[in-house]
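First listed ligand is number 1; within each ligand, the first listed atom is number 1.
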Amino acid sequence: MRGAPRTSAVAAVAAVAALALAACGSNGGEPESGGSGSGGADEVEVFTWWAAGSEKAGLDALVKVFDEQHPDVTFVNGAVAGGAGSQAKDLLQTRLQAQDPPDTFQAHAGAELQDYIDAAQIEPVSDLYDEFGLTDAFPPDLVDRLKADDGEIYSIPSNIHRANVVWTNRQVLTDAGLDPDATYPDLSSWMDDLAKLKDAGVTPLAIAQAWTQVQLLETVLLSDLGAEGYSGLWDGSTDWSGPEVKAALEDFETLMGYTNTDRDGLDWPESQQLVIDGKAGFTVMGDWAEASYVEQKQELGTDYSAYAVPGTDGVFDFLADSFTLPVGAPHPGGAKAWLETVGSAEGQEAFNKAKGSIPARTDIDMSTFGEYQQSAAEAFKSDTIVSSLAHGAAVPVAISTAITDATSKFTSGASDLATFQSELAAAVAG
Ligand code: GAL
């Protein structure tokens with residue numbers, strides 16, 4: 001990663017102390033219970049935004065393995081509702097700044113993790129990779145995204161998700177006279193069918209609050225600019241003010257015209273439900289959506305289809321959740337136990353089966369996973385990988401916040417396309 005300062009001396013001392021305390025246990029590998037503030041391993045507060053529905057089911061599956069692997073450590077659920085951390089991230093910042101960190105928190109691999117590293121809010125966990133035998137368990141590219149310039153690794157990944165996926169209701173498409181097996185080579189052919197759905201009186205494309213609109217925007221940019229052009233948006237080689245981006249923003253505007261008008265009041269499970277309940281034909285959502293289909297006993301290929309957003313086939317818009325060891329965590333021993341479960345083969349298998357994602361570990365047998373996940377695992381191996389904007393992989397939080405603000409302004413009608421484009425360019429320029 002770029003621009004990471006060395007961890008502060010205070011953080012480094014805290015890390016050594018934490019690991020020393022965590023290592024001094026005698027109860028079957030668990031550190032002694034020390035209680036709050038003393039490096040105890042009697043409990044662990046795990047901060048995520050997996051608070052409800054299929055996301056909670058994923059967390060629950062991980063907790064079940066944790067309870068088996070670490071029966072002496074009490075799991076304390078610090079989940080804060082709101083998809084993509086829309087509420088959790090602000091609250092986490094407040095807690096970190098007030099020196100009141102949870103014992104471990106969810107953070108995306110990539111630029112977002114770098115924010116926490118730069119602010120000296122998380123400890124290196126490289127030693128745990130050796131201790132838990134994780135060094136060769138993950139793809140090297142992924143480990144690079146968890147690393148800082150000092151060569152240290154700062155979190156343990158739990159999964160890999162894909163953001164550029166279209167999900168359909170096959171019956172809705174059939175009823176409107178569309179071919180439910182159609183996949184579309186580009187956005188314009190897809191828009192032709194969205195128009196037909198609109199004429200049939202069905203919401204063509206279900207969407208929710210701002211972050212889901214940003215996620216739609218990133219997939220449109222990816223579709224229109226291609227993988228190289230899209231990645232160039234983040235390294236400066238693609239001109240945000242140019243005609244290609246303008247054309248993509250026009251496509252985004254057209255697509256937004258096919259979405260449900262109550263979108264700003266919904267979160268992703270509700271917009272997903274519009275599709276599952278037959279009130280909308282399509283949605284664009286990350287593959288955590290797969291878990292909600294499975295939870296509701298929907299059959300891939302019968303009830304729904306899932307495929308890359310038109311024009312993005314062969315590109316995997318990537319994000320990975322990972323877990324950290326915050327500076328000053330009250331129970332670093334408990335955090336270490338949690339991190340061990342997160343990185344373990346059992347933990348990754350149970351969690352990812354329930355979450356819709358694929359394991360970050362490369363040594364998990366995928367044959368017992370669902371059909372969608374097997375195809376995602378294949379795609380991750382062969383596709384071109386790009387970094388998700390809406391999910392912390394491509395840009396730091398400050399930039400994604402500015403992009404989200406500009407997007408909301410545009411989609412709520414408070415700015416025109418030219419203003420939107422210049423605000424996006426300014427957001428990325430910093
Ligand atoms: C992402 C996260 C996923 C899923 C999604 C929707 O940011 O990485 O695991 O939780 O938000 O909430």
Side-chain angles (χ1 to χ4, degrees), residues 46-63 77-92 104-113 115-116 142 145-146 155-165 167 206-219 266-273 283-295 316-324 342 347-348 350-360 372-373 376 380 385-397 400-401 403-404:
V46 177
F47 187 98
T48 70
W49 53 86
W50 299 327
S54 57
E55 300 197 303
K56 179 167 186 306
L59 180 62
D60 288 347
L62 187 56
V63 172
N77 193 348
V80 175
S86 45
Q87 309 297 323
K89 283 184 187 172
D90 282 351
L91 187 66
L92 177 64
T104 181
F105 63 85
Q106 170 190 2
H108 290 120
E112 177 187 302
L113 190 66
D115 281 343
Y116 300 112
L142 176 58
R145 293 170 192 258
L146 304 166
S155 65
I156 296 187
S158 55
N159 61 335
I160 288 162
H161 268 307
R162 182 177 195 177
N164 59 320
V165 187
W167 307 85
I207 198 105
Q209 58 179 256
W211 70 265
T212 72
Q213 299 167 26
V214 173
Q215 185 180 260
L216 178 65
L217 172 66
E218 81 183 65
T219 66
L266 307 183
D267 203 348
W268 81 265
E270 288 126 19
S271 51
Q272 190 67 38
Q273 202 61 39
T283 187
V284 169
M285 188 43 58
D287 55 11
W288 41 92
E290 166 67 5
S292 59
Y293 282 106
V294 171
E295 199 176 39
F316 194 108
D317 186 12
F318 147 97
L319 61 128
D321 297 299
S322 68
F323 283 87
T324 57
V342 165
Q348 298 237 328
F351 173 65
N352 286 292
K353 268 188 185 152
K355 184 70 167 52
S357 38
I358 57 174
Y372 170 78
Q373 285 155 303
F380 187 64
I385 309 292
V386 299
S387 297
S388 169
L389 160 63
H391 304 285
V395 290
V397 171
S400 64
T401 303
I403 289 177
T404 306

Open item on the list: Would you call the rings of Trp211 and Trp288 parallel, tilted or perpendicular, taking 30° and 60° as the class edges?
Closed with: tilted
Task: Proximal ligand 1 atoms for His161, defined as those under 4.0 Å from one of its heavy atoms - done: 3 (C), 9 (O)
Open item on the list: Please enumerate all residues that pass salt bridge (charged side-chain N to carboxylate O under 4.0 Å, His left out) together with Asp60, with sequence neighbours excluded.
Closed with: Lys56
- [ ] Give the numbers and elements of all ligand 1 atoms closer than 4.0 Å to a heavy atom of Leu319.
- [x] 8 (O)
Open item on the list: Would Asp321 count as a polar contact of ligand 1, with the cut-off being nitrogen or oxygen pairs under 3.5 Å?
Closed with: yes
Open item on the list: Exactly one of Asn352, Thr48, Val342 should register a side-chain contact (heavy atoms from CB on, under 4.5 Å) with Ser158. Which one does?
Closed with: Val342
- [ ] Would you check if the distance from the ring center of His391 to the ring center of Trp49 is below 6.0 Å?
- [x] no
Open item on the list: Counting non-hydrogen protein atoms only, what is the nearest one to atom 1 (C) of ligand 1? Give residue, atom name and distance.
Closed with: His391 ND1, 3.3 Å
Task: Close side-chain approach of Tyr372 to Arg162, heavy-atom, < 4.5 Å - done: yes
Open item on the list: Tell me whether Trp50 has any N or O atom under 3.5 angstrom from an N or O of ligand 1.
Closed with: yes
- [ ] Would you mind listing which atoms of ligand 1 come within a distance below 4.0 Å of any non-hydrogen atom of Lys355?
- [x] 3 (C), 4 (C), 9 (O), 10 (O)
Open item on the list: Counting the benzene-type ring for Trp, do Tyr116 and Phe105 have ring centres under 6.0 Å apart?
Closed with: yes
Open item on the list: Could you identify the single nearest non-hydrogen protein atom to atom 6 (C) of ligand 1 and state the distance to 0.1 Å?
Closed with: Glu55 OE2, 3.0 Å
Task: Atoms in ligand 1 with a heavy atom of Gly83 nearer than 4.0 Å - done: 12 (O)
Task: Backbone or side-chain N or O of Ala84 under 3.5 Å from ligand 1 N or O - done: yes
TODO: Decide whether an N or O pair under 3.5 Å exists between Asn159 and ligand 1.
DONE: no
Open item on the list: Testing the 3.5 Å rule here: is there a donor-acceptor pair between the side chains of Arg145 and Ser387?
Closed with: yes
Open item on the list: When you measure from the side chain of Asn164 to the backbone of Asp317, do you find a donor-acceptor pair of N or O atoms at a distance under 3.5 Å?
Closed with: yes
Open item on the list: Need the ligand 1 atom indices (1-based, order shown) with element for anything under 4.0 Å from a heavy-atom of His108.
Closed with: 1 (C), 2 (C), 7 (O), 8 (O)
Open item on the list: When you compare ligand 1 with Gln106, is there at least one nitrogen or oxygen pair between them that comes in under 3.5 angstrom?
Closed with: no
